[in-house]
Amino acid sequence: MKVAKFGGSSLSNATQIQKVANIIQNDPEIQFVIVSAPGKRDDKDTKVTDLLIHLFDEKVHSGSIERAKQMVLDRYSSIADELSLSKEIITHFDHVLTEYLSSITDPLRLLDALKACGEDFNAQLISEYFQSLGLDARYISPDELGIIVSDEPSNAHLLPESYDKIAEFKDDKQILIIPGFFGYSPNGNIVTFPRGGSDITGAIVARGVEADIYENFTDQSYIYAAHPGIVRKPYAIKEITYREMRELAYSGFGIFHDEALEPLYQVDIPVMVRNTNHPEIAGTKIVAQREINPNLPAIGISCDEGFTAISINKYLLNRQLGFTRKLLQIFEDYHISIEHIPTGIDDISVVVRSHQLAAPGTLDTLLKDIEEQLDPDFINVETDLAIVVIVGEEMAEVVGTANKATRALASQEINILMINQGASEISMFYTISMDDKDNAIRALYHEFFGHLHF
Ligand code: ASP
């Protein structure tokens with residue numbers, strides 16, 4: 001039995017939805033379908049979720065909502081027309097939006113309720129279309145299904161009791177069409193996951209109903225060893241472990257939400273990354289363990305940018321009991337989460353995502369607190385950093401990976417600011433300037449995967 005999730009690009013218009021219907025019709029094992037909101041139809045288009053956020057902004061800032069609301073309804077209207085569905089469903093969507101806009105007064109609650117409409121409306125529309133094709137399908141709301149989440153607007157976390165409720169639908173005879181991206185808090189609020197969170201819903205459902213496979217459909221046939229926009233025709237990964245995928249997703253592999261693997265990882269449900277436009281291609285399989293390929297010293301290279309490093313130097317730092325704890329406490333007091341903490345003998349760097357320091361004055365007061373509480377000899381701040389990551393289960397067993405990587409970066413005269421390797425030895429991080437990012441990825445790809453192209 002399979003759970004299948006379809007992303008926004010797979011549902012952006014009637015033609016794409018017809019492809020999804022074909023996939024479902026040809027695979028009787030798919031019993032649960034999780035849908036995103038309609039995504040972009042082309043590069044200049046806007047995702048429905050962003051149209052809904054725009055509607056929220058209009059409501060809060062100008063109070064005039066009609067145009068923005070119509071833009072949302074028009075997207076669904078054009079899909080409904082092309083699929084020959086009745087206009088009634090659009091009138092219903094209009095009522096729901098109007099009701100939320102007039103009755104929800106707390107802005108954070110309103111934003112979540114509106115954002116959730118993207119997936120919720122799409123699931124209703126798709127289920128009506130599937131029924132019109134004669135499929136035994138029905139829409140089910142996350143409320144009925146039992147997706148119970150914490151009450152943190154835009155940052156929901158699943159509450160563990162959900163799984164037992166979801167399991168009750170395990171043997172449902174109908175194909176259930178489930179909107180992704182949101183759940184309900186115990187006191188009945190609509191709460192969304194972080195952006196891209198329909199993947200999270202898909203994984204939760206797969207775990208709840210104990211699926212044999214979770215299929216995640218996007219517009220890409222594989223997960224590639226490097227970003228295809230940066231490296232031409234990169235190696236297509238056939239099998240990758242959850243741990244490797246987690247490392248790659250963390251550092252900018254956009255294909256899969258980095259929180260989405262967690263529910264599956266714990267119970268070992270394999271994930272297939274598949275392409276709605278090419279269902280004949282098997283895609284990439286994410287598993288707990290894979291065969292090590294002696295020809296490949298790594299599985300992928302990725303990179304994320306927008307980091308700031310705050311480096312503190314103090315003579316005999318290693319002898320000062322509690323220095324690191326006090327330093328980290330200051331970051332915690334500012335609610336800044338930390339990405340990496342490379343250390344030297346007398347220095348320690350704290351690497352954070354720069355947006356956390358963006359509020360006026362934050363960096364200055366943070367530095368002042370560090371000065372006052374720790375009396376360092378020297379503080380240095382470096383902004384506009386990127387972290388490039390090489391990932392592979394092989395690395396724990398193969399000698400010389402770091403050598404290869406540094407050689408490749410040196411060949412492009414790229415200065416490495418920091419190096420990091422976790423104890424698991426499945427990834428190696430290099431902090432570099434953001435300007436060097438693309439060059440670094442190409443150089444590393446060439447070094448690790450170049451031989452596959454000859
Ligand atoms: N529609 C939501 C977003 O654009 C969630 C998703 O597509 O996964 O972030």
Side-chain angles (χ1 to χ4, degrees), residues 247-248 250-252 258 301-391 395 401-403 405-441 443-444:
E247 302 269 345
L248 289 172
Y250 161 79
S251 43
D258 59 359
I301 293 159
S302 79
C303 189
D304 204 1
E305 58 186 4
F307 294 97
T308 295
I310 298 166
S311 303
I312 290 112
N313 178 287
K314 187 166 171 86
Y315 193 65
L316 288 182
L317 184 152
N318 59 339
R319 298 277 192 89
Q320 296 212 4
L321 199 63
F323 188 93
T324 310
R325 181 184 52 74
K326 284 184 208 144
L327 176 64
L328 301 188
Q329 184 64 52
I330 299 173
F331 283 84
E332 188 175 339
D333 292 344
Y334 280 76
H335 296 282
I336 294 174
S337 71
I338 294 166
E339 303 293 320
H340 304 285
I341 318 171
T343 55
I345 296 196
D346 279 343
D347 49 28
I348 176 164
S349 301
V350 180
V351 181
V352 302
R353 292 195 184 264
S354 308
H355 67 84
Q356 299 186 97
L357 302 166
T362 306
L363 183 60
D364 290 343
T365 50
L366 178 89
L367 295 177
K368 203 162 143 264
D369 283 355
I370 296 174
E371 288 275 5
E372 281 173 12
Q373 294 182 38
L374 296 168
D375 189 28
D377 296 339
F378 186 66
I379 305 188
N380 182 37
V381 178
E382 260 175 300
T383 54
D384 298 332
L385 301 179
I387 297 179
V388 46
V389 188
I390 305 164
V391 178
M395 286 181 349
T401 317
N403 177 26
T406 47
R407 193 173 56 210
L409 295 173
S411 74
Q412 297 302 306
E413 294 185 13
I414 294 170
N415 182 32
I416 304 171
L417 292 146
M418 285 164 227
I419 301 180
N420 224 6
Q421 184 180 46
S424 67
E425 285 190 61
I426 80 158
S427 63
M428 232 175 263
F429 289 65
Y430 296 91
T431 306
I432 57 174
S433 156
M434 242 149 76
D435 297 338
D436 291 328
K437 184 183 139 229
D438 290 2
N439 258 344
I441 294 176
L444 291 169

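- Note that OG1 of T431 is 8.0 Å distant from CZ of F307, once rounded to the nearest 0.5 Å.
- Taking CD of Q320 as the start and CG of D375 as the end, the distance is 8.5 Å to the nearest 0.5 Å.
- Here the closest heavy-atom approach between residue K314 and residue P376 is recorded as CD-CA, 4.2 Å.
- More than 12 heavy atoms of other residues, nucleotides or ligands shown are found within 6.0 angstrom of CG on L316.
- The nearest pair of heavy atoms linking Q356 to V352 is NE2-CB, 4.0 Å.
- Looking only at distances, no side-chain donor or acceptor of D346 sits under 3.5 Å from a matching main-chain atom of Y315.
- Contact of the I414 side chain with the N439 side chain is registered, since non-hydrogen atoms from C-beta on lie closer than 4.5 Å.
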Side-chain donor-acceptor contacts of residues 326-337 below 3.5 Å, not counting sequence neighbours, with atom names and distances?
residue: Q329; atom: NE2; partner: D333; partner atom: OD1; Å: 2.9
residue: Y334; atom: OH; partner: T365; partner atom: O; Å: 3.2
residue: Y334; atom: OH; partner: T365; partner atom: OG1; Å: 3.4
residue: Y334; atom: OH; partner: L366; partner atom: N; Å: 3.4
residue: Y334; atom: OH; partner: D369; partner atom: OD2; Å: 2.7

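- Rounding to the nearest 0.5 angstrom, the gap separating the CG atom in N380 from the OG atom in S349 is 8.5 Å.
- Between the CD1 atom in I390 and the CG atom in L444 there is a gap of 4.5 Å [rounded to 0.5 Å].
- N403 is linked by a side-chain hydrogen bond (donor to acceptor under 3.5 Å, both in side chains) to nothing, counting only residues two or more places apart in sequence or in another chain.
- M418 CE to S311 OG: the interatomic distance, rounded to the nearest 0.5 Å, is 4.5 Å.
- The minimum heavy-atom distance linking Y430 with A405 is given by the pair OH-CB, 3.5 Å.
- With a 4.5 Å cut-off on side-chain heavy atoms, L317 and I345 do not count as touching.
- A 4.5 Å side-chain heavy-atom check between M428 and M395 finds at least one atom pair inside the cut-off.
- Under the 4.5 Å side-chain criterion, counting only non-hydrogen atoms from C-beta, P342 is in contact with V351.
- Between N415 and I432, the shortest heavy-atom contact is O-CG2, 3.7 Å.
- Looking at heavy atoms from C-beta onward, R353 lies in side-chain contact with D304 at the 4.5 angstrom threshold.
- The two atoms that bring S433 and L417 nearest to each other are N-CD1, 4.1 Å, heavy atoms only.
- For T401, the side-chain hydrogen bond (donor to acceptor under 3.5 Å, both in side chains) test picks out no residue, with sequence neighbours left out.
- When all heavy atoms are compared, the tightest approach of L385 to M434 is O-SD, 3.6 Å.
- The stretch residues 407-416 participates, sequence neighbours left out, in these salt bridge (Lys or Arg N to Asp or Glu O under 4.0 Å) pairs: R407-E447.
- With contacts defined as side-chain heavy-atom distances shorter than 4.5 Å, the pair L248/V389 does not qualify.
- Taking T324 as the reference, nothing meets the side-chain hydrogen bond (donor to acceptor under 3.5 Å, both in side chains) condition, with sequence neighbours excluded.
- Between Q421 and S427, the closest side-chain pair of non-hydrogen atoms is not below 4.5 Å.
- Within the structure, salt bridge (Lys or Arg N to Asp or Glu O under 4.0 Å) contacts touching residues 422-437 (residues at least two apart or in different chains) are E305-K437.
- We find the CD1-CD1 distance between I341 and I348 to be 6.0 Å, quoted to the nearest 0.5 Å.
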